[in-house]
Structures are given as structure tokens and as C-alpha cells.
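Written out below as C-alpha cells is the structure these notes cover.
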Amino acid sequence: MLTGRAWTFGDHVDSDAIIAARYLVHNDSHLWAKHVLEDLRPEFAGQVGFGDFIVAGRNFGCGSAREQAPLALKAAGVGAVIAVSFARLFFRNAFNMGLLIFECPQAARAVHDHDRLDLDPYSGLIRDLDQDNTFQAQPVDPYLARLVSQGGLLRKVARELQDSYKG
Amino acid sequence: MAQTQSQKILAAHCGQDQARPGEIVEAQVDLVMANDVSAPLVIRAFHQAGGLQVFNPQRVVMVADHFTPNKDLAAAQTARQMSEFASQHGLGQRFEGAQAGVAHSLICEQGLALPGELIIGADSRACTYGALGALAVGVGSSDVAAALITGRAWFKVPQSIRVVLTGHLPPWVGAKDLGLEMLRRLGPEGAHYQSLEFHGPLLAGLDLEARQCLASMSVDTGAKAGLFPADQVCAGYLEGRARRPWRALGPDDQAEYSQVLEIDASRLEPLVARPHSPHDVAPASQAGREPVDQVFIGSCTGGLLSDLRVAAGLLAGRRVHPRVRLMVIPATPSILLAALREGLAETLLEAGAILGPPSCGPCAGGHLGVLAAGEVAVSTSNRNFVGRMGHPKSRVYLAGPAVAAASALAGRLAGPEEI
Ligand code: SF4
């Protein structure tokens with residue numbers, strides 16, 4: 001079970017807004033964590049708690065398909081992103097980088113900023129504890145859930161490679 | 001369950017009878033590509049995951065196309081890194097030096113992408129190979145790195161929109177106009193997470209270059225891929241070109257589509273997309289007469305031989321307006337050679353064009369014709385976002401080769417019928 005506070009955002013949050021290109025010259029996810037979403041909500045990076053949720057509108061993660069965007073969110077401690085919909089490549093990159101995301105239009109519209117939520121990643125059930133309300137998100141596909149629990153795509157491949165050398 | 005072409009191809013590559021929309025499948029891929037923008041990230045991720053060898057050296061294509069011939073030190077280092085990786089791993093397909101060109105166009109013309117195949121590329125326009133009846137998808141650099149090692153990737157099975165092309169192309173109307181009409185109708189998210197599958201009587205008259213343009217532009221509707229059937233036109237194109245045996249996988253007759261979009265070509269006139277959105281589409285005749293500083297005829301969706309022919313047809317015996325720089329950059333070396341043999345190159349040069357080496361040119365603001373602040377361009381490429389082709393204060397109109405050539409002659413945005 002994941003628990004945390006909600007941080008709400010609008011539609012079309014693009015990957016530049018998640019982590020600006022000016023920070024990409026440094027390949028340092030701790031640095032990205034300090035600047036994540038800073039152009040949209042400057043206070044976010046300093047105040048986000050470990051396991052907190054991003055709750056956003058349509059087409060989250062649109063724009064250039066950088067993998068640093070989900071990495072920056074993960075490094076900042078974000079537990080999961082809940083949105084009406086995700087840009088196609090953000091969807092791929094999130095699971096590949098080991099970040100959980102959920103499509104749930106009902107929750108995305110109803111949840112208020114700073115509401116306390118809990119989320120069961122296996123069933124996709126989201127509870128808004130402040131509003132005493134529940135929402136059913138599409139549960140994460142078992143293949144993708146495994147990918148996230150293995151630490152993302154490259155870790156999964158690395159482990160498979162090690163096993164094959166041993167075997 | 002009856003399946004679409006996309007579902008059929010995914011099912012065939014993951015060893016299932018069926019692939020259901022929304023399902024996640026892990027599938028064997030037939031070809032993996034990267035370019036000089038993505039390759040450094042791909043190579044880093046390959047090593048990070050502990051990769052020692054690639055799954056099949058014949059099935060990996062890495063082409064430096066955005067900044068070739070190396071425009072600066074960084075580009076040179078990247079090209080060098082790619083070339084070393086290719087040598088180390090014995091990659092079978094090398095396109096360097098005089099063989100270099102736009103990766104997507106090369107992969108199609110060299111018969112490296114084939115019907116029924118499943119392909120991934122670390123570039124959004126990898127979907128271009130849908131022209132040949134492949135399911136080809138642009139993915140992230142980690143996806144490509146992982147596939148280099150394992151030969152596999154995961155996919156969310158898409159629904160498909162059936163795009164039915166009917167009627168006949170009027171004079172001066174071509175693939176780019178069909179594509180722009182499609183973008184106007186579907187918008188940037190209209191095909192979000194779906195495939196476009198092209199059908200209809202017009203297909204018999206659309207050659208493989210036109211299909212590349214449309215398959216490539218599919219991504220601008222939010223689509224995962226754009227696929228053509230492997231019909232006789234396709235089979236004819238592949239004769240003597242295909243590098244491997246292939247087997248077409250077409251849709252079932254009863255396949256279900258989320259939507260049908262019919263485009264009647266007969267009703268179209270030459271179109272443009274106004275700055276700064278590929279979706280802000282209007283007839284060229286109604287888009288104003290803004291003075292133009294540069295015209296670019298090139299890219300994977302506008303630098304093919306048929307584009308050069310249309311442009312040369314209009315430019316023959318005329319002179320480009322003195323204010324305009326006309327950049328013509330063939331997408332591949334064989335297109336450049338054909339342009340020389342057919343006399344197109346001479347026509348273009350006599351008209352006052354600058355003929356550049358096969359590459360992406362200024363399409364992504366790389367080099368060979370980057371725009372200054374305040375400059376206006378007409379371009380046969382495919383994106384006109386703020387700053388895409390140079391300075392953030394430059395402005396780009398997207399159009400087919402006829403409008404581009406007409407504008408080069410007029411020195412302002414112009415339709416071909418004005419010439
Ligand atoms: S020509 Fe333009 S769109 Fe095509 S691959 Fe090159 S930069 Fe991308």
C-alpha cells in the first residue's frame with residue numbers, strides 16, 4: 001500500500017516542465033530531484049514527501065520523450081503519478097525507469113491538492129482519506145508491475161544477463 | 001477474434017494466437033535502430049545493463065543523420081562513438097561517409113524493414129517503416145538498449161483507426177497534403193495510443209515514397225504507428241531490395257477499428273501548416289502572402305526523389321527569388337544520384353538552389369540552413385514548433401514540395417497555381 005499527499009497539476013504537463021533541459025547536462029538524479037517541476041510549482045521539490053503522489057490531468061509527460069522525466073520524479077520521492085491520461089512515451093519510460101503510474105480520470109478530477117491518499121498498486125484502488133472517497137484506477141498490468149519491482153528495464157536485463165552467465 | 005494488422009504482427013512476434021488491445025506483451029523484434037541523437041544514450045544504457053554483445057548484428061542499424069557531415073566536435077565524437085560500437089559488435093549495416101543519409105529513408109530504400117515485421121527505433125519517426133507493412137514504433141533509449149541485448153521489447157497492444165484514402169490526387173497535391181489533412185482532422189492527440197492503418201482505393205496510386213511520408217506523419221496524431229498493407233505496390237518495391245524473406249500480415253476482414261477516418265483526396269488543394277503547429281492547417285491559397293527568407297526541400301517526409309521531381313518541375317527554367325535561400329537536401333545518397341542522372345540536380349542548381357549532402361539538414365535545427373531570429377521559412381519537413389529549425393523567433397510553414405518551390409520563386413508564401 002502506498003500512502004502520501006496529493007500534489008495536483010493541470011493538463012499537458014510536458015517533460016520540460018517536469019525537468020527543464022538546462023539540468024540535463026548533468027547526469028545526476030539528485031540534482032534533478034531538487035529542480036523537479038520547478039517551473040510549475042517552485043515549492044514542490046522542497047516540500048514533497050517520500051511517497052507523495054502527483055495527480056494530473058490529460059497527456060501527462062508530453063513533449064520530448066526524455067527518460068530523465070520519470071527518473072527525476074522517482075528521485076524526488078514521488079510514489080506514483082495518477083493522471084487522466086499519459087503521453088505514450090512517458091507511459092513507456094515511467095515503467096522502464098521503475099516509476100508507477102495510474103490512469104484514473106475520476107480521481108484526477110476529484111482529488112484536491114494536499115489530500116491524503118492511499119493507493120493499492122495491485123488492485124488500483126485509490127482512497128482519498130480527507131474526502132472519504134474511493135476511486136478505481138486501472139490496475140497495473142502484472143508484467144509492468146514486475147518491471148517496476150525489479151527496479152526498471154535496465155536492472156531487469158542486467159539481472160537476466162547475470163543469470164544467463166551463471167547458468 | 002478478428003484482428004487488425006497491428007494486433008496480428010504483435011501476436012506473431014510474441015508467440016500468441018491473438019493480441020488483445022490494452023494487453024501488455026513481450027515480443028521478439030526484427031530490427032532495432034538508433035541515430036546520432038539517441039545512440040550515445042543507447043550505448044550508455046547498453047553498458048549500464050552489462051551488455052557484451054548485440055542480439056543479432058544484422059538486425060541493428062545505427063546511422064548518424066542529424067549532424068552529418070559532422071558539424072562540430074560534439075557531432076564528430078558521437079559519430080566516432082557510433083562507428084566504434086558498430087565495429088566492436090560487427091554490425092552488418094553501416095551507413096557512413098558517402099553512404100550516410102536520413103536513417104528512416106535509408107532503412108526503407110535498402111529493404112531493411114519488411115512487411116509483417118516488428119521494429120523499434122530510438123526516434124519518434126521510426127514509424128516510417130509502416131510504409132512497408134511493418135509495425136514500427138518509436139521508443140526510449142533504454143528500450144532500444146535492452147532490445148540490443150535481448151532482441152525483445154514490451155508493447156501495449158494498440159487499437160487501430162482505419163484511415164480510408166479515396167478519390168484521386170489533384171494536380172500539385174501529394175502525400176504531404178494528405179498527411180496535413182490527416183493532422184488537421186485528428187489533431188495532436190486524436191490517435192493517442194492507437195495505430196493508424198491505411199486502406200482505400202487511393203492506395204493503388206500511392207508509391208512507397210508517399211507511403212513513407214504518411215506513415216511518418218502518423219506520429220503527429222499521437223499514434224504509436226502508421227501501417228500500410230503489403231499490397232502489390234509494396235511487393236513490387238521490395239523486389240531486388242528486400243534483405244530477408246518476408247511474409248505479409250494483413251488485417252482480418254472483420255477486424256474492429258476504434259474509428260474510421262475517410263479522406264477524399266479529390267477535394268484537397270495544396271495545404272500548409274502555419275507556425276508554430278503542424279495541426280494549424282490551411283489551404284496554401286488562403287494562408288496569406290508572408291515574405292519568405294528560406295525554403296527547405298528535404299527530410300524523411302519531403303526529401304525523397306518524388307519531392308525533388310515535383311520541385312524541379314516548377315523550378316525548371318525559372319530563378320529563385322533573390323531574397324530566398326533555397327536549400328535542397330536529398331534524404332539519401334541514392335536519391336541524390338538519381339537526381340543527378342535525371343537532370344533534376346542541374347535544374348535545381350540552375351534555378352538557384354543550394355544542394356546539400358544527404359542528411360536531416362535543418363529539419364531539427366541541426367545544421368545546413370538554420371534560421372535566424374525573425375526569419376520565415378517554408379519547409380517540406382514535418383515539425384514547426386517554436387525554435388525547431390533555429391532561433392525561437394523564426395517561423396516555419398510546413399508544406400509539400402509544390403508549395404515550397406512556388407514560394408521559393410515568389411519570395412513569399414505562394415501556391416503552385418500562381419506560377
Ligand atoms: S529528417 Fe527531420 S524528422 Fe526526419 S529523422 Fe531527420 S530530423 Fe527527424
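These numbers come from the heavy atoms of this one structure, side chains and all, not from hydrogens, waters or symmetry mates. Within every chain, numbering begins at 1; the chains are lettered A, B, ... in the order of the sequence lines, protein sequences first and strands thereafter.
For chain A, the nearby parts of B:Ile24 are the backbone and the side chain; heavy atoms of each come within less than 4.5 Å. Heavy atoms of B:Val25 lying under 4.5 Å from chain A are absent altogether. With a 4.5 Å cut-off on non-hydrogen atoms, B:Ser141 touches chain A through its backbone and its side chain both. Contact of B:Ser142 with chain A is made through backbone and side chain together, with heavy-atom distances under 4.5 Å. Contacts between A:Arg58 and chain B at a heavy-atom distance below 4.5 Å involve the side chain alone, from C-beta outward. The contact between A:Glu160 and chain B is made entirely by side chain atoms (from C-beta outward), counting heavy-atom distances below 4.5 Å.
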Discussion item. As a quick check of understanding, evaluate side-chain contact (heavy atoms from CB on, under 4.5 Å) for B:Phe46 and A:Leu154, giving each step before the final call.
Written reply: CA-CA 8 Å; B:Phe46 177 84; A:Leu154 293 178; over 6 Å; no
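Between B:Glu26 and A:Arg146 there is no salt bridge, since no side-chain nitrogen of the basic residue lies less than 4.0 Å from a carboxylate oxygen of the acidic one.
For the set B:Val137, B:Val139, B:Leu41, the count of heavy-atom pairs under 4.5 angstrom toward chain A peaks at B:Val139. For the set B:Gly138, B:Pro188, B:Gly50, B:Gly22, the count of heavy-atom pairs under 4.5 angstrom toward chain A peaks at B:Gly138.
In this structure, A:Arg66 places its CZ atom where more than 12 heavy-atom neighbours from other residues, nucleotides or ligands lie under 6.0 Å away. Atom CD of A:Gln131 has more than 12 heavy atoms from other residues, nucleotides or ligands within 6.0 Å. Enclosure of atom CG in B:Asp17 is not indicated, since only 12 or fewer non-hydrogen atoms of other residues, nucleotides or ligands lie within 6.0 angstrom. Residue-environment remark: CD (A:Glu43) exceeds the threshold of 12 foreign heavy atoms within 6.0 Å.
In this structure, CD1 on B:Ile149 lies 9.0 Å from CG on A:Leu153, to the nearest 0.5 angstrom. One finds the CG atom of B:Asp143 at 4.0 Å from the CZ atom of A:Arg92 (value rounded to the nearest 0.5 Å). Residue B:Glu189 holds its CD atom at 8.5 Å from CG of A:Asp11, rounded to the nearest 0.5 Å. Separating the CZ atom in A:Arg88 from the NZ atom in B:Lys224 is a distance of 5.5 Å, to the nearest 0.5 Å. With rounding to the nearest 0.5 angstrom, the CG atom of A:Leu161 is 7.0 Å from the CG atom of B:Leu52. In this structure, B:Lys156 NZ and A:Leu144 CG are separated by 8.5 Å, a value rounded to the nearest 0.5 Å.
No close placement of the B:Tyr193 and A:Phe86 rings is indicated, their centers lying 6.0 Å or farther apart.
Nearest heavy-atom pair across A:Asn93 and B:Gly140 is OD1-CA, 3.9 Å.
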